[in-house]
Amino acid sequence: MDIKKVETDTLNLNSCLLELMGQINTISSMDRRYPKTSEAFNATFEHLKHPSYDIVVCGEVKKGKSSLLNAIIGQNILPVDTNVATSQVFRISNSDAESFSLVFTDGTTRPITREQLAIFGSQEKANQNGRADFGNRILSHIQVNVPVQFLPAHVNLVDTPGLGAIYKSHEWLTQNYVKRAAAVLFVFEASQPMVELERTFINKVLDVTPHVMFVMTKIDTVMPSVWTAQLERIEESLASIFAKRNLPAPTVFPISSKALMNAAEEDEEDFKMENIRTSMFPVVKDELMAMIVRTMAMSHTSIALYESQGQILKAKTAITDLLKTTAEEGQHLDRHFRANKVAKQQELQDEWGRNSRQTNGIANKISDICNIVSNRVDQMFRLTSPIREHYVSRIEAITSMDEVERMCESLPSSVTNDIVQQWESIMRDAVNETSAILQNAISDIDRTSIDDVSATNFETLKMTPSQRLNNIRNVVGTGVLATGIVTIVFPPLGIVAGIGSAVWAWIAGKDDKVQRNKANLKQQLNALMDRIYHALKDARDYNHVSVVNEFVGNLKRNAEEAIQNAVNAKKQEMNEQLQDLEEQAQKSLAEKRAECERFKADLESLNALIGQTKELCNLRESIEKQIS
């Protein structure tokens, strides 16, 4: 792959798409009678104007993720420790000026100092001082703005807690953030083989994005013969995983974070360059930049083209109708012409009205999502659930009364926090999936008014319904499309969090104290999980509905309302367009002639844009072939 050519073509594609969508937006706003742009069009247009791509760094615990990012930055900013260090997600952006802040899931932020990064993001500090209390807010990530020489302004590196840590919440934080990743940088360690947890997680990553890069850190801690043999074995395992998806076998790139950090701290130029060479970072940097370019090329460009073509067709239909009416000498709308427009409205009602085939199909899909929500909650509390098994194994590993006492203090809040995070993840997954399905449907509803004649000789971007839905899922997952399509107020998490606020008592005595306390801890674990389960699934006194049923009920109602609101809005738009055509027909011949030339000019502009979309589709296809 010629990375320079791909980069040039990608920048050209995004620049031309931005210009195209700007022209479409301008034409659409020239006359109130022209159809408005859709939410998907506006959101994608906004993303092209203000692009943002997250490269999520993940891997098993203690593989050197934070050390690698510190070395890339050239400063020891992210917390590192001989034990588990990172407990939160850090999002690093290139900036001339340093600044740091806490970013919450409700969009609010709180500035912090560099010295406070470890307080809020280090597991060691959390163990010493307890978890930070943010009131009713939930921390999304810690934003770190620092100079990073090679990182483009719109690309962010995201440091995540490790997989397989004793803190199960760390693993779920990582999994949840990967769902929003534009690309993933996966970290192995030179002295450790690939484990099953990593294989499973890599498959989950490939379900989200094909843009994955693999590196092997800590090559300076073992002999070259050791890490090269380990690297070959890992590449063989990865080749097997990728082959099952018909993907080419990936390369694992070795790197020494220690040598790279030494280079950043070295003043002597010769020694600096020697450390950079030893670190093997130049090769890693080139491949990372290539992945960033591939991500920029494919991310959101297909949905941008699809929505652009849809808006052109809608506008072309509306302007053609106005022009046809303007060309008529009489002052009454042609009877057959009017009948065709009324038939379009009836077609919309038949296809998308209440209890229609399409709306029932959407309702069935939303019901499936709601069933998955309920099933996932049930799975959280089974005897074989990952949460329960994780804490049982920690209890089994206890060997002293000191550990018993520490476990009695930490376990209730730790278990509860894990369940709260899982429940929030279940809700967000359901909302995002519902939003993607609805946006797909709303896009179809929006195109109902397109005239077949307007679509003639217009080769639109080829996407199957499944591909289009996946593209919309990616847009929703990265936050470009607001999930306001489904306005859901999440049930309060305090009802769950409060259950785990108490500290458990340990059993005093002389004989078999550790064993008896381990048995007691298991009983208390089971009792705690039972209480939380019933708090989520049992009906509450004040509204006779459980937390889970309240959520899925809101999801179903709001989804139905979203579809009907879209149908009603389209009906109103079509009624207004018909009314506008009737008013246009009633105008004097002089008035019609005055507007005729403008309509022709706008139609000519749209026809020119059709040619541009064809060229951009070809350019995107060319880039896709280059990077495949």
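This structure is a prediction, so every number in the text was calculated from the model and none was measured.
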Leu69 vs Ile92, side chain to side chain contact (heavy atoms under 4.5 Å, CB included): CA-CA, chis, key distance, verdict: CA-CA 9 Å; Leu69 287 173; Ile92 302 119; 4.0 Å; yes
Going from [atom1] on [X] to [atom2] on [Y], what distance comes out if it is rounded to the nearest 0.5 angstrom?
{"X": "Asn526", "Y": "Arg531", "atom1": "CG", "atom2": "CZ", "answer": "11.0 Å"}
{"X": "Glu351", "Y": "Gln358", "atom1": "CD", "atom2": "CD", "answer": "4.5 Å"}
{"X": "Leu117", "Y": "Leu78", "atom1": "CG", "atom2": "CG", "answer": "7.5 Å"}
{"X": "Thr160", "Y": "Leu185", "atom1": "OG1", "atom2": "CG", "answer": "10.0 Å"}
{"X": "Asn517", "Y": "Met407", "atom1": "CG", "atom2": "CE", "answer": "11.5 Å"}
{"X": "Met574", "Y": "Gln346", "atom1": "CE", "atom2": "CD", "answer": "10.5 Å"}

Decide, yes or no, whether a salt bridge links [X] with [Y] under the criterion of side-chain N to carboxylate O below 4.0 Å.
{"X": "Asp429", "Y": "Arg376", "value": "yes"}
{"X": "Arg428", "Y": "Glu424", "value": "yes"}
{"X": "Glu396", "Y": "Lys522", "value": "yes"}
{"X": "Lys63", "Y": "Glu198", "value": "yes"}
{"X": "Lys365", "Y": "Glu433", "value": "no"}
{"X": "Arg199", "Y": "Glu196", "value": "yes"}

Looking only at non-hydrogen atoms, find the nearest pair between [X] and [Y] and report the distance.
{"X": "Ile234", "Y": "Gln192", "answer": "CD1-O, 4.1 Å"}
{"X": "Lys518", "Y": "Ile395", "answer": "CE-O, 3.4 Å"}
{"X": "Phe186", "Y": "Gly59", "answer": "CZ-CA, 4.0 Å"}
{"X": "Asp159", "Y": "Ser66", "answer": "OD2-OG, 2.6 Å"}
{"X": "Gly353", "Y": "Thr359", "answer": "O-OG1, 2.9 Å"}
{"X": "Ser356", "Y": "Asp350", "answer": "CB-O, 3.3 Å"}

Hey, are the side chains of [X] and [Y] touching, using non-hydrogen atoms and a 4.5 Å cut-off?
{"X": "Phe242", "Y": "Leu206", "result": "yes"}
{"X": "Val377", "Y": "Trp423", "result": "yes"}
{"X": "Phe104", "Y": "Ser140", "result": "no"}
{"X": "Val89", "Y": "Ile142", "result": "no"}
{"X": "Pro111", "Y": "Phe100", "result": "no"}
{"X": "Ile398", "Y": "Leu521", "result": "yes"}
{"X": "Glu60", "Y": "Phe188", "result": "no"}
{"X": "Ser435", "Y": "Gln439", "result": "no"}

Please check: side-chain N/O of [X] versus main-chain N/O of [Y], any donor-acceptor pairing under 3.5 Å?
{"X": "Ser413", "Y": "Ser410", "value": "yes"}
{"X": "Lys570", "Y": "Asp446", "value": "yes"}
{"X": "Asn520", "Y": "Arg516", "value": "no"}
{"X": "Gln143", "Y": "Arg91", "value": "yes"}
{"X": "Arg394", "Y": "Leu411", "value": "no"}
{"X": "Ser101", "Y": "Arg110", "value": "no"}

Under a plain distance cut-off of 3.5 Å, with no hydrogens placed, do [Y] and [X] share a side-chain donor-acceptor pair?
{"X": "Glu403", "Y": "Thr399", "value": "yes"}
{"X": "Asn575", "Y": "Glu573", "value": "no"}
{"X": "Asn568", "Y": "Gln564", "value": "no"}
{"X": "Asn156", "Y": "Ser93", "value": "yes"}
{"X": "Ser99", "Y": "Asn145", "value": "yes"}
{"X": "Glu347", "Y": "Thr448", "value": "no"}
{"X": "Lys571", "Y": "Gln349", "value": "yes"}
{"X": "Asn360", "Y": "Arg357", "value": "no"}
{"X": "Tyr391", "Y": "Ser414", "value": "yes"}

Member of Met380, Gln379, Met427 meeting the side-chain contact (heavy atoms from CB on, under 4.5 Å) criterion with Gln422: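 The single option meeting the side-chain contact (heavy atoms from CB on, under 4.5 Å) with Gln422 is Met380.
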Residue Lys537 excluded, over 12 heavy atoms near NZ under 6.0 Å: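 Check passes, neighbour count above 12.
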Worked check of side chain to side chain contact (heavy atoms under 4.5 Å, CB included) between Cys370 and Leu555: CA-CA 8 Å; Cys370 292; Leu555 198 65; 4.0 Å; yes
Ring-face cation contact, Tyr533 with Arg388, 6.0 Å cut, 45° max: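 Because its charged atom misses either the 6.0 Å distance or the 45° angle limit, Arg388 does not stack over Tyr533.
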Test side-chain hydrogen bond (donor to acceptor under 3.5 Å, both in side chains) applied to Glu307 and Ser38, step by step: CA-CA 8 Å; Glu307 291 299 329; Ser38 67; 3.2 Å; yes
CA sep, side-chain torsions, deciding dist, call: Val184, Met213, side chain to side chain contact (heavy atoms under 4.5 Å, CB included): CA-CA 6 Å; Val184 167; Met213 176 181 171; over 6 Å; no
Pair His47-Tyr53, ring-ring contact (aromatic ring centres under 6.0 Å, His included): steps then yes or no: CA-CA 10 Å; His47 171 74; Tyr53 305 95; 5.4 Å; yes
Full working for side chain to side chain contact (heavy atoms under 4.5 Å, CB included) between Phe551 and Leu536: CA-CA 10 Å; Phe551 172 73; Leu536 287 171; over 6 Å; no
